[in-house]
Every structure is written in structure tokens, then in C-alpha cells.
A.B. asks: 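Structure provided below as C-alpha cells; questions to follow.
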Amino acid sequence: MYTNWEELKQECMLCNKCELGKTRTNLVFGKGNENAEVMFIGEGPGENEDLQGEPFVGRSGKLLDSMLACIDLDRNKNIYIANMVKCRPPKNRDPLPAEQDICINWLREQVRLMRPKIIVCLGRISAQRLISPDFKVTQQHGQFIDKKGTLFMGTFHPAALLRNPNNKPAAFDDFMALRDKINEICERTY
Ligand code: URA
């Protein structure tokens, strides 16, 4: 258990608890406002993120930033972005359950220190791990689920939207619903 972000980050940056630590260029701890009320959680770093040490900086990150901007959210101001695993899985394969089991402890500490009101799961990997194991993004996206006082919502992963732009309108609807929910329950975001 960590008492502050500085301590947590310092320790996490040295992590070698799983095989992914051996092949990473940079560990991607997370980015944003550590006092945010809204946290976004993706899957894991890709090539660009591994090279730059920041989440969602490639093509899918650009799309994510533009969707965030539509509802006045900005990783440099009022949200925080993290991933299920902090090191890039080789060839961008899905992180293995064992890798997630180890890495989720860092994420738990981030959530514990931040105490976000809303957690948005970007894509299947984080939604199935954090909301429910049988979560179907295409069927359950945009629904808010209360878990011990924190609201969770799953939506499309931006990389999936790049592959299948037909889902963009549905994803934008989810972001509009998110904006409404923030207006309803958050005090410092807008
Ligand atoms: N995809 C993710 O899930 N996370 C990133 O940080 C980049 C791409």
C-alpha cells in the first residue's frame, strides 16, 4: 500500500514481476491528473506507447483525444489514463491473464489513491476484467454499473473504432452519456 503517487510511481517504474518487463523499452505508468474524478483504462501499451512511455499516443490515441475533446476532457487537465498492463505485450498480443493478475495490483493502487467517481473501460480486455468476465462491448457499451460506489462504463476501444468506423456513432453516444453523468455526479471535472 502506497501513501502517495510519487512513491507508487517510483516503485512501479522498476517492476520486473513478469516477462513483459524484459522486452519493454519504457514502462507506461499512466498519464493525467492524479486528482481526477474520471479514469480511463485501456488494454496495454502498443509500439508507440512503449517507445514514448505514455498511454495512447499512436493513431488510436489521436482518436481518443479528439473524442475526449468533444466532451471537454483532456488528459493534461481533468482525467487520468492508464492501462490494464503497463508494459507492451510482444507483437501487441492480448496480455495474458497471468500478466494481468500481476499488473492489476499497480492499477489497484492507482485507483485507491485517486478514488475516481467514474471508470471508463476502453475495450474488451479492461471491461471483462473490471466490470464482468462475460462483458460484451457491442451489447453493453454505454451502461453505467455501480461497484462499491464507483461507476464503471465500458465502451469501444479506439483501435477497434479505427478498424470498424461503423461503431463510431455508438461510441460518441457513450461519450455524450459520460458527459451527462459527469455533470450529474462530478464536482471538479468541468
Ligand atoms: N491501446 C491501449 O489499450 N493502450 C494504449 O496505451 C495504447 C493502445
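Ligands are counted one by one from 1 in listed order, and the atoms in each one are counted from 1 as well. Keep in mind the model is a prediction, meaning the values are calculated, not measured.
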A.B. asks: So if I count the atoms of ligand 1 from 1 in the order they appear, which ones are less than 4.0 Å from some heavy atom of Glu43?
C.D. replies: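 Selected atoms, number and element: 2 (C), 3 (O).
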A.B. asks: Taking 4.0 angstrom as the limit, do Lys181 and Asp174 come out as a salt bridge?
C.D. replies: no
A.B. asks: Around atom 4 (N) of ligand 1, find the nearest protein heavy atom and jot down its residue, atom name and distance.
C.D. replies: Asn83 OD1, 2.8 Å
A.B. asks: Name the one of Leu20, Leu27, Thr25, Asn83 that satisfies side chain to side chain contact (heavy atoms under 4.5 Å, CB included) with Pro45?
C.D. replies: Asn83
A.B. asks: Any idea which atoms of ligand 1 are less than 4.0 Å away from a heavy-atom of Pro55?
C.D. replies: 6 (O)
A.B. asks: Side chains of Arg88 and Asn92 only: does a donor on one sit below 3.5 Å from an acceptor on the other?
C.D. replies: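 Asn92 and Arg88 do have a side-chain donor-acceptor pair below 3.5 Å.
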A.B. asks: Judged by non-hydrogen atoms, does Met84 sit under 4.0 Å from ligand 1?
C.D. replies: no
A.B. asks: Return yes or no for this condition: an N or O of Ser60 is under 3.5 Å from an N or O of ligand 1.
C.D. replies: no
A.B. asks: Any carboxylate oxygen within less than 4.0 angstrom of a Lys/Arg side-chain nitrogen, looking at Glu43 and Arg124?
C.D. replies: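 So Glu43 does not pair with Arg124 through a salt bridge.
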A.B. asks: Evaluating non-hydrogen atoms only, which member of His157, Arg88, Arg59 is closest to atom 1 (N) of ligand 1?
C.D. replies: His157
A.B. asks: When only distance counts, is Glu49 in polar contact with ligand 1, meaning an N/O pair under 3.5 Å?
C.D. replies: no
A.B. asks: Mind checking whether Leu68 and Ile79 have side chains closer than 4.5 Å, heavy atoms only?
C.D. replies: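 In short, these two side chains touch, coming nearer than 4.5 Å.
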A.B. asks: Distance under 4.0 Å to a non-hydrogen atom of Gly42: what atoms of ligand 1 satisfy this?
C.D. replies: 3 (O)
A.B. asks: Thinking salt bridges, do Asp50 and Arg24 make one under a 4.0 Å N-O criterion?
C.D. replies: no
A.B. asks: For ligand 1, find out whether one of its N or O atoms is nearer than 3.5 Å to an N or O atom of Gly44.
C.D. replies: yes
A.B. asks: What about Phe56: any of its N or O atoms under 3.5 Å from an N or O on ligand 1?
C.D. replies: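 Yes, Phe56 has an N/O under 3.5 Å of an N/O on ligand 1.
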A.B. asks: Take the angle between the ring planes of Trp5 and Phe29 and call it parallel below 30°, perpendicular above 60°, tilted in between.
C.D. replies: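 Perpendicular, since the angle between the ring planes exceeds 60°.
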